[in-house]
Amino acid sequence: MPNILIVAGDGIGPEIMNEAKRVLDCFAGEIDFTMTERLIGGAAIEATGSPFPAETQEAAQKADAVLLGAVGGPKWDNLPLAERPEKGLLAIRKTLGLYANLRPLSIWPQLAAFSPLRPELLQNVSFTIVRELTGDVYFGEPRGVRTDENGKRTAFNTMVYSEDEIRRIAKVAFDLARKSRKKVCSIDKSNVLESMRFWREIVEEEHKAYPDIELSHLYVDNASMQIIRQPSSFDIMLTPNMFGDILSDEAAVLSGSLGLLPSASIGGKSALFEPIHGSAPDIAGQGLANPIGMILSAAMMLELSFDRADLGGKIRAAVAAALDKGLRTADIASEGTTRVSTQEMGTAIVEGVKAGR
Ligand code: NAD
């Protein structure tokens, strides 16, 4: 029977994870799985001294999918980098061998007023950023700070991409486009960077196996403008690691709240699903957190790891129904709507899922 590893983490992680688990429980009888819970991040540091204890690593290696809340908080901010909760996140991604991060963005029409863009620009906006996760300037060598004989210091990082790294991420984007509107826009800076010229060359080579997919290219500076000017023009946006890091946060703002967006990291034996936000220590424990990003991460898990688009669709429909009823957590509340807690939003979505069966 498939096994889901649940790692709720810190801050609002456990609260929003509770709601995602209740939603998943609705599918008992429709899909068989077991859930195993383990510690990660600050909670794991408190219990074991490590942000990624051996028993979490072992459970991750055995899991068919991992659902993660969020890690981190002020309590652990002064620890050395290698001992902080965030190290747990990097370690679990590494254990699972994840090299592609998928961030779908769609706009809920009920919440359009929360977007910084005018409503007419938001029509038909639905795109996914496919970000490469293991290469680029974040991991390239040489890196460091050097001091010359006159005492002058120079700092440097190296943008490196191997052919294989580009091919495998391009394949993820093209495969995803086949299930979507069949368009891939690849982002680079090939006008000035050799590594990015190579990126474009390899993406074009890989494209030959996908004649049914339309491929276009944008320089990253232009892409950052088009996300604002014409967001509906994108379907699958393929990016190198650093450009994707920046563009995915820019794109997230269009939705109106960090609390709404899910993500998936794939490429290894099993995939990891988590909301895009952090542990929000400022609102933790008060029932203020929006659980929708976490619940939609569970929907993505059912779709991508268990091939159950039907169940993912039921969750999305239940989220839409809760928003249609005017139910809003604090981050998306406005005049004329009904303010609800994390748990009340979860209950409304659970009821919607049950009603949709
Ligand atoms: P954050 O995403 O936790 O919070 C930013 C703002 O958004 C806060 O005002 C918060 O209250 C709000 N917010 C976030 N999620 C929300 C939700 N579901 N509902 C309603 N409001 C929500 O980012 P931060 O404050 O920069 O970081 C807090 C901690 O989280 C830090 O320790 C950071 O390292 C960690 N972090 C973890 C992850 C992760 O686990 N993937 C990602 C980013 C940050």
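Along the sequence shown, the residues carry numbers beginning at 1. Note that ligands are numbered from 1 as they come in the structure, with each ligand's atoms numbered from 1 the same way.
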Closest non-hydrogen atom pair between Ser263 and Met300, with its separation:
C-SD, 3.9 Å

Does the ring of Phe156 carry Arg146 above it, NZ/CZ under 6.0 angstrom from centre and within 45° of its axis?
yes

Among all residues two or more places apart in sequence or in another chain, which pass the side-chain contact (heavy atoms from CB on, under 4.5 Å) test with Glu206?
Arg167, Ala170, Lys171, Phe174

Tell me, which residues have any heavy atom less than 4.0 Å from some atom of ligand 1?
Ile12, Ala70, Val71, Gly72, Gly73, Glu86, Leu89, Leu258, Gly259, Glu274, His277, Gly278, Ser279, Ala280, Pro281, Asp282, Ile283, Ala289, Asn290, Asp331

Tell me whether Asn78 at atom CG has more than 12 heavy atoms from other residues, nucleotides or ligands lying less than 6.0 Å away.
no

Of all residues at least two apart in sequence or in a different chain, which pass the side-chain contact (heavy atoms from CB on, under 4.5 Å) check with Lys189?
Asn191, Val192, Leu193, Met196, Val220, Asp221, Phe243

Could I get the full list of side-chain hydrogen bond (donor to acceptor under 3.5 Å, both in side chains) partners for Thr337, not counting sequence neighbours?
none

